[in-house]
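The block underneath contains the structure these notes are about, expressed in structure tokens.
All chains are named by letter (A, B, ...) in the order of the sequence lines, taking the proteins before the strands, and each is independently numbered beginning at 1.
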Amino acid sequence: MSGGIAPARAREVALLGFGAVALTLGAGGLLLLAGGYDPGAAGAAMLRGSVGSWNTFVSITLVRSVPLLFAGLAVALAFRAGVWNIGAEGQLYAGAIAGVWVALTFDGFPTLILIPAMLAMSCVAGAAWALIPTLMRLRLGIGEVITTILMNFVGIYTAAWMVHGPLQEERGIFPQTDRIVEAARLPSFIPGTRLHLGFALGLVIAIGLAVLFRRTRFGFQIRAVGASPEAAAVAGRIEPSRVIFITFLASGAIAGLAGAVEVSGLTYALYENLSEGWGYTAIAVALLAGLRPGGVVVTAIFFGSLRAGAGAMQRDAGIPSAWVDVVEALVILGVLGLERVRAARIVTDIREGDS
Amino acid sequence: MSQVELVLFLESAVRLGIPLALAAMGETLTERSGVINIGLEGSIIAGALGGALGALAFEGAGLGIIAGAMAGLFVALIFAVFAISLGADQIITGTAVTIGGLGMTGAIYQAQFGATGTELSLPTLAPVAIPGLSEIPIVGTAFFAQAPTAYLAYVMAPIAWYVIFRTAWGLELRATGEAPAAAEAAGVRVRRVRFVATLFGGAMAGIAGAHLALAHAGTFAENMSAGKGFIAIAVVVLGRWNPVLVLFAALFFGAASALQFFLQALGFDIAYQIFLALPYVLTLAALAGWVGTSRAPAALALPWEPHR
């Protein structure tokens, strides 16, 4: 299954990305027109709601892009190794549950201990959520696509159970946990805005992954296994199962962080339906970025602005917010389609060059 | 458990298993051709909305089922154009189609009926008791006093089995999924076979969705497919790509889901959310425990580039 989405050069990725976004906006506009809406008003509302002012951009768009940044990096890492982790959604909930549990249980500890403990525990939980599909793939040969998706539902319902049961707020009325103490809350990143330090942490992980892919032996092994596990084993003396094991769990850990960071940085409590499908949007984020960590930063902000703009679109232009999901699907299909057209052209060029 | 409760349990097991059976049977043919359609979930939700709107427009649940099949087929067509004609990655295409299907149905529903979600009541597909069979004690009403879509599933299982294993087209289908290069050398149009099998799978998933809306819920709700497309794909694996076994695997999961309502009704004090997670956990457990020896079609999920 691997190889179909091999990362290309940065310039090609950018061209492809802009092409896909342009196609999507065109198709999305036509769909809106067909649905009887005014695409111009929709676009204006979207821009106003996402990049209308500095404060809108930082406090709404960037804040919304934080979970997409973590989940997108998790997906990009896994896909690079040919691991089809569609389970970021469930891993994210596992991380959020673990993080909020630490914050509620050890609420007397100082920030410098509490926050790192929350983040570490969310990594462990996310990795544990990925462990079952990992073992099922490596030990039993069962593809991870279905197993990770099934684990998503288990994660969502586990979180729902937590906020109705063991971790429900003190009065037992609302489906949410108690609010976490001040010491468990991530400080602000840009003072005067709602943007928290989680965004910076995401950037650090993006840089770390970029270095990993380019500069390290293990990064090379990930790419080799992603291109072809057999070839990597034969020619590179790489043990694919070891690389897959580590990469899959690391991907789960990063997705787990997304959940804890959201709770610690923004919501200060665990709610049912914390995520608006970030784990799935992350696939679009990673693909549009050509699976490049640096690109993920850009595309996470792009999808963050779509999500931010969708709210304004619904308020000001009366357009259902579910349109954003349609746009996401169109972006993925646009990338896939353009990628295939490009590949076909290269093949044709080579064939014509032969004759 | 009293006899009345047992009958109720079996009846809801069958009712919950039928949409899985319909979708998984279509997916069985699709996967036999070498295509894994993760976009099945998108076809199911489109079938549910298509069925709902169709039933309202034509003022009848029967025509709603046909509208649902068309909607599911349309979603599969989008998948097929990208994953088969363009040869794009099947997993990612399928994921996009699912996201798009859930989003599009949500947007259409919100636009038609408002974002607040006023309860929509639909013409329902009434159960039809089969004379004779439905009078068998206990299992009779459970299996043979169901909506007509259930009988479609019962009838489709042996027919699909016959088509796959006993007809010339079935041989071409299996060859396409196992060894597309050899199939092409023998004159089989690999992409065409895959296209047909995928559209069939989409139509079946659409019927499954329409069943959810018209025979089960009597209404449409956003995301009401609730992962049934993914469970259906797991059911195909559990049924070892054999339509008859797939029917039984689907009924087993229907029973797992029915258990949730049932144990609750019996007053077991277990949180409702744990029951909701149960079918997914059981699917994982069954995959881990039972699949060991079975094998997917060799060319599953591999795009095919015709050689001219």
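Within the 4.5 angstrom heavy-atom criterion, atoms from both the backbone and the side chain of B:Thr93 approach chain A. Heavy atoms closer than 4.5 Å to chain A are found nowhere in B:Leu102, neither backbone nor side chain. Using a 4.5 Å cut-off between heavy atoms, B:Ile108 makes no contact with chain A at all. The contact between B:Ile78 and chain A is made entirely by side chain atoms (from C-beta outward), counting heavy-atom distances below 4.5 Å. Looking at B:Phe230, the atoms closer than 4.5 Å to chain A (heavy atoms on both sides) sit in the backbone and in the side chain alike. Residue contact with chain B, scored on non-hydrogen atoms closer than 4.5 Å, involves the side chain of A:Leu31 exclusively.
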(Q) Under the criterion salt bridge (Lys or Arg N to Asp or Glu O under 4.0 Å), I'd like the reasoning laid out for A:Arg307 against A:Glu328: C-alpha separation, chi angles, the key distance, then a yes or no. (A) CA-CA 10 Å; A:Arg307 294 250 162 224; A:Glu328 273 169 22; 2.9 Å; yes
Q.
Please determine whether salt bridge (Lys or Arg N to Asp or Glu O under 4.0 Å) holds for the pair A:Arg340 and B:Glu305, giving the CA-CA distance in whole Å, both sets of side-chain angles, and the decisive distance to 0.1 Å.
A. CA-CA 12 Å; A:Arg340 292 307 301 167; B:Glu305 198 78 49; 3.5 Å; yes
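In this structure, B:Phe79 CZ and A:Leu333 CG are separated by 10.5 Å, a value rounded to the nearest 0.5 Å. Rounded to the nearest 0.5 Å, atoms CG (A:Leu30) and CG (A:Leu25) are 11.0 Å apart. Between the OH atom of B:Tyr280 and the CE atom of A:Met151 there is a distance of 13.5 Å, given to the nearest 0.5 Å. Residue A:Asn152 holds its CG atom at 10.0 Å from CH2 of A:Trp129, rounded to the nearest 0.5 Å.
Ranking A:Leu150, A:Ile332, A:Val335 against chain B, the residue ahead of the rest is A:Leu150, based on heavy-atom pairs under 4.5 Å. Contact count versus chain B (heavy atoms, under 4.5 Å) is highest, among A:Ala160, A:Gly318, A:Pro133, A:Gly277, for A:Ala160. Of the listed residues B:Val281, B:Ile233, B:Ile274, B:Thr283, the one with more heavy-atom pairs under 4.5 angstrom with chain A than any other is B:Ile274.
Nearest heavy-atom pair across B:Leu40 and B:Ala23 is CD2-O, 4.0 Å.
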